[in-house]
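Working notes, beginning with the structure itself.
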Number of protein chains: 2
Amino acid sequence: MSKYKVLKNIQKHITLTKNEKEYVLTLFGHQKIEKKTFILKQGLLCQKLFFVEGGSLRAYFLDEEGRESTIMFAVEDWWITDMDSFVNKKPTLLFIEALESCDIMSIKHSDLEELFIKMPKFERFFRILFQNAYIREQSRALQNISLTTKERYHNFISNYPAIVEKVSQKQIASYLGVTPEFLSSIK
Amino acid sequence: MSKYKVLKNIQKHITLTKNEKEYVLTLFGHQKIEKKTFILKQGLLCQKLFFVEGGSLRAYFLDEEGRESTIMFAVEDWWITDMDSFVNKKPTLLFIEALESCDIMSIKHSDLEELFIKMPKFERFFRILFQNAYIREQSRALQNISLTTKERYHNFISNYPAIVEKVSQKQIASYLGVTPEFLSSIK
DNA sequence: AACTGCTCTTAAACTATCTTAATATTTTTT
DNA sequence: AAAAAATATTAAGATAGTTTAAGAGCAGTT
């Protein structure tokens with residue numbers, strides 16, 4: 001029985017033997033980070049895929065005028081990275097910052113490729129992971145273009161109560177794409 | 001050498017032997033549909049994943065007030081379905097309509113599952129497909145919350161020139177989440 | 001050729017959202 | 001515990017986007 005939640009997360013979709021679990025863990029690194037530190041900064045190449053064992057993080061875009069747009073939050077048991085930078089090896093536009101102190105597992109791109117080759121069932125695991133991620137993002141895009149800010153705010157707090165507990169209203173506003181002042185006014 | 005583009009599309013990411021191609025084709029149906037006909041209607045269960053051999057389609061949400069929000073367009077060589085309905089077997093919110101007469105390949109959910117079991121390399125194919133779809137949708141979500149309508153319009157026409165040729169401005173407006181009148185005014 | 005329906009454009013009045021700024025409240029640092 | 005910094009609220013004036021309506025341009029019928 002491993003102490004790492006990442007193995008349990010993986011076993012939501014595929015099964016692993018004891019030996020397989022041990023092998024998988026050799027490819028992941030474990031890391032603790034402090035609140036307000038970054039695991040990714042705009043301009044760099046995103047080298048790792050992260051899994052949150054504990055704590056919470058936020059991925060956001062910072063534009064020239066200093067405006068932040070939050071792309072995603074990640075709490076315990078979630079995966080996070082800049083997938084476009086990680087997969088396509090292009091400089092990232094994002095910052096990923098710890099909202100509190102975190103326990104993080106991470107895997108390098110080359111080790112993930114090795115995993116796909118040595119254990120093809122991981123193709124299935126990530127197929128399902130990306131399938132769900134795609135469905136969520138498509139739903140977000142639909143809500144962005146079809147609902148009012150008020151409706152989107154209420155959907156957010158009812159869909160992601162675990163996130164709402166950990167983040168500021170300013171950050172929720174930046175996820176919804178409105179100013180904190182406006183979000184405050186519609187409550 | 002098959003006449004079906006779907007096999008060439010699949011071979012962008014995995015390789016197939018002659019026998020494998022033949023087997024794959026036994027699981028796909030081929031269908032021609034007329035302009036303005038539907039392959040999916042709001043309220044139904046989405047039973048199939050579609051691939052566009054030729055022609056173009058549009059997936060949109062229609063709300064109670066009669067407003068349309070376009071979720072995606074699909075042109076030749078694209079895959080389209082309501083993934084949430086297809087995967088999670090829930091009633092769809094979407095219509096998918098042919099913008100012109102189309103040649104369509106489709107696979108039922110149970111046959112796709114068979115394909116995953118008999119030919120696990122399809123897990124890899126769809127892992128990559130969903131990975132790219134997720135990256136695109138995340139980028140769309142970021143643009144929706146961080147850019148002006150004018151910027152999003154120009155990004156759209158430069159990113160999807162093949163789509164722009166086939167669709168009306170009204171439909172582009174519904175993809176961007178603004179009224180046709182406003183889109184007309186910013187040009 | 002006339003009719004119908006649909007798209008596109010323009011404009012005026014209205015509503016949603018932003019900007020700025022001031023104040024209050026909460027959180028973090030010392 | 002006090003001081004400093006960040007967040008939240010409120011309000012006034014500005015900008016972005018919608019609504020409604022009317023007319024012009026096209027494509028498909030009849």
Side-chain angles (χ1 to χ4, degrees), chain A residues 33-38 55-58 60-70 73 95 97-102 141-157 163-187, chain B residues 34-38 55-56 58 60-70 73 95 97-101 140-157 163-187:
Chain A
I33 59 169
E34 291 304 312
K35 181 168 179 171
K36 293 191 184 172
T37 59
F38 293 85
S56 54
L57 303 101
R58 178 174 74 107
Y60 64 92
F61 170 68
L62 183 64
D63 75 13
E64 316 74 39
E65 284 95 28
R67 277 182 266 251
E68 293 180 1
S69 298
T70 296
F73 297 103
F95 294 89
E97 181 186 13
L99 298 173
E100 60 193 319
S101 59
C102 294
L142 175 59
Q143 298 197 196
N144 278 341
I145 65 174
S146 68
L147 300 183
T148 63
T149 299
K150 195 169 196 165
E151 290 168 323
R152 292 191 295 125
Y153 174 67
H154 288 118
N155 282 177
F156 182 80
I157 59 182
I163 293 174
V164 174
E165 277 178 20
K166 304 209 171 194
V167 309
S168 65
Q169 283 207 181
K170 189 186 170 189
Q171 290 166 347
I172 295 176
S174 84
Y175 180 88
L176 298 175
V178 297
T179 59
E181 293 84 355
F182 183 63
L183 181 58
S184 175
S185 78
I186 65 180
K187 298 207 313 177
Chain B
E34 291 304 311
K35 182 170 177 169
K36 293 189 185 176
T37 59
F38 293 85
S56 55
R58 179 173 72 106
Y60 64 92
F61 169 68
L62 183 63
D63 75 14
E64 316 74 41
E65 284 93 31
R67 277 182 267 251
E68 292 180 1
S69 299
T70 296
F73 297 103
F95 294 89
E97 180 186 14
L99 298 173
E100 60 193 318
S101 58
R140 182 182 183 190
L142 175 59
Q143 297 197 195
N144 279 341
I145 64 174
S146 68
L147 301 183
T148 64
T149 299
K150 194 169 197 166
E151 291 168 323
R152 292 191 295 126
Y153 174 67
H154 288 119
N155 282 176
F156 182 80
I157 59 183
I163 293 173
V164 174
E165 277 177 21
K166 303 210 171 192
V167 310
S168 65
Q169 285 209 180
K170 190 186 169 188
Q171 290 166 347
I172 295 177
S174 84
Y175 180 87
L176 298 175
V178 296
T179 59
E181 293 83 357
F182 182 64
L183 182 57
S184 176
S185 78
I186 65 181
K187 298 205 314 178

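This structure is a prediction, so every number in the text was calculated from the model and none was measured. Below, chains carry the letters A, B, ... as their sequence lines are ordered, and counting in each starts from 1.
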Distance, rounded to the nearest Å, where B:Y153 contributes OH and D:dA16 contributes C1': 18 Å
Rounded distance (Å) that lies between atom P of D:dA16 and atom CD1 of A:I145: 21 Å
Short side-chain N/O contact to C:dT7 OP1/OP2 from B:Q171, under 4.0 Å: no
N or O in side chain of A:R67 less than 4.0 angstrom from C:dT19 OP1/OP2: yes
Length of the CZ-P vector between A:F182 and C:dT20, whole Å: 17 Å
Spacing between A:E181 atom CD and C:dT19 atom P, to the nearest angstrom: 9 Å
Between C:dT10 (P) and B:L183 (CG): distance, integer Å: 12 Å
Atom pair distance, as rounded to whole Å: NZ in A:K187 and P in C:dA16: 19 Å
Geometric class of the B:F95/B:F38 ring pair [parallel <30°, tilted 30-60°, perpendicular >60°]: perpendicular
Between C:dT9 (P) and B:I186 (CD1): distance, integer Å: 11 Å
Per A:V178 side chain, nearest of listed nucleotides C:dC18, C:dT9, D:dT18: C:dC18
Residue pair B:S146 / A:D63, side-chain heavy-atom distance below 4.5 Å: no
Residues A:S174 and A:Q171: side-chain donor-acceptor under 3.5 angstrom: no
Phosphate contact (D:dG17 OP1 or OP2) by B:T149 side-chain N/O below 4.0 Å: yes
A:S56 versus A:E100, side-chain donor and acceptor atoms under 3.5 Å: yes
Spacing of B:E100 atom CD relative to D:dA27 atom C1', expressed in whole Å: 16 Å
Phosphate-side-chain proximity, B:T179 and D:dG17, N/O vs OP1/OP2 below 4.0 Å: no
Touch class at under 4.0 angstrom, heavy-atom based, for A:S168 against every strand present: sugar-phosphate
A:Y153 vs A:K187 side-chain heavy atoms within contact, under 4.5 Å: yes
Touch class at under 4.0 angstrom, heavy-atom based, for A:K35 against every strand present: sugar-phosphate
B:S184, nearest nucleotide to its side chain (from D:dT10, C:dT7, C:dT9): C:dT9
